[in-house]
Amino acid sequence: MLLFFSLFWAAFLAATVLPFSSEAALSAALAAGLPWGLALAGATLGNAAGSMTTWYLGRLGKLDWLKKYCRVTAYQIERAQKRIGRFGAAGAFLCFLPVVGDVFAIALGFMRYPAGKFLLFMTAGKICRYALWIWIHLAIKENL
């Protein structure tokens, strides 16, 4: 269980703005003997929790700040929110990407994208990413 929780926290920290590789931690956990199902669960849960934290930090932002400090009009904010409503699921899904994934998470939180939808699509993206990584890891291990 120590491997599982170590992987969880490594993936959590990697989903924040800290420059850390959750894939390296996932490979290390697999190499240390953590079953692939538990590794997938630990990495996904930790990374999803980290992205939800980033989304929430964005949610703490105030739209009035855009008007006051960035000279953005109410019309521009409304237009951006409509775009977020249309493309927010794709942005949430792509939160697994390095660097821009954090930007997507914080922007979706700031623009008030619904938490439930964010969690669903963001977690789906992370599951796909880690499942692919595990598949590659196991395929390489099998061919060595």
Atom pairs and distances, donor-acceptor, side-chain atoms in residues 129-144, under 3.5 Å, two or more places apart:
unit_1 : atom_1 : unit_2 : atom_2 : d
Arg129 : NE     : Glu23  : OE2    : 2.8
Arg129 : NH1    : Asn47  : OD1    : 3.4
Arg129 : NH1    : Phe96  : O      : 3.2
Arg129 : NH2    : Ser22  : OG     : 3.1
Arg129 : NH2    : Glu23  : OE1    : 3.4
Arg129 : NH2    : Glu23  : OE2    : 2.5
Tyr130 : OH     : Ser22  : OG     : 2.6
Tyr130 : OH     : Asn47  : ND2    : 3.2
Trp133 : NE1    : Glu23  : O      : 3.3
Trp133 : NE1    : Ser27  : OG     : 2.9
Asn143 : ND2    : Ala139 : O      : 3.1

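- Contact between Thr123 and Thr44 at its shortest, heavy atoms only, is CG2-CG2, 4.0 Å.
- At a threshold of 4.5 Å between side-chain heavy atoms, the hydrophobic network of Ile, Leu, Val, Met, Phe, Trp and Tyr places Leu26 and Trp36 in one connected group.
- Inter-residue side-chain proximity for Leu108 and Ile84 is flagged as met; some heavy-atom pair is nearer than 4.5 Å.
- We find the CZ-CG distance between Phe5 and Leu45 to be 10.0 Å, quoted to the nearest 0.5 Å.
- The heavy-atom pair separating Ala105 from Thr54 by the smallest distance is CB-CG2, 3.9 Å.
- Not a single donor-acceptor pair under 3.5 Å links the side chain of Tyr113 to the backbone N or O of Trp55.
- Taking CG from Leu63 and CZ from Phe110, the interatomic distance works out to 5.5 Å, rounded to the nearest 0.5 Å.
- Smallest separation of non-hydrogen atoms from Ala14 and Ser21: CB-C, 4.5 Å.
- Annotation: the span from Arg112 atom CZ to Arg59 atom CZ amounts to 4.0 Å, rounded to 0.5 Å.
- In terms of hydrophobic clustering, with Ile, Leu, Val, Met, Phe, Trp and Tyr side chains grouped at heavy-atom distances under 4.5 Å, Leu57 and Met111 are assigned to a common cluster.
- Both Phe8 and Leu13 belong to a common hydrophobic cluster when Ile, Leu, Val, Met, Phe, Trp and Tyr are linked at side-chain heavy-atom distances under 4.5 angstrom.
- Proximity of Cys128 to Phe93: side-chain heavy atoms (C-beta onward) are separated by under 4.5 Å at one or more points.
- In the hydrophobic clustering, where aliphatic and aromatic side chains (Ile, Leu, Val, Met, Phe, Trp, Tyr) are joined below 4.5 Å either directly or transitively, Phe87 stands alone.
- In the hydrophobic clustering of ILVMFWY residues, with side-chain heavy atoms under 4.5 Å counting as a link, Met1 and Leu30 come out together.
- Across all their heavy atoms, Ala43 and Ala11 have their closest contact at O-CB, 3.4 Å.
- Note that the CG atom of Leu60 and the OH atom of Tyr56 stand 4.5 Å from one another [nearest 0.5 Å].
- Residues Leu34 and Leu7 have side chains in contact (heavy-atom distance under 4.5 Å, counting atoms from C-beta outward).
- Annotation for Met122 and Ser51: closest pair SD-CB, 3.7 Å, computed over non-hydrogen atoms.
- Listed by chain and number, the residues in a ring-ring contact (aromatic ring centres under 6.0 Å, His included) with Trp9 are Phe12 (sequence neighbours excluded).
- Looking at every heavy atom in both residues, Phe104 comes nearest to Cys95 through CB-SG, 3.9 Å.
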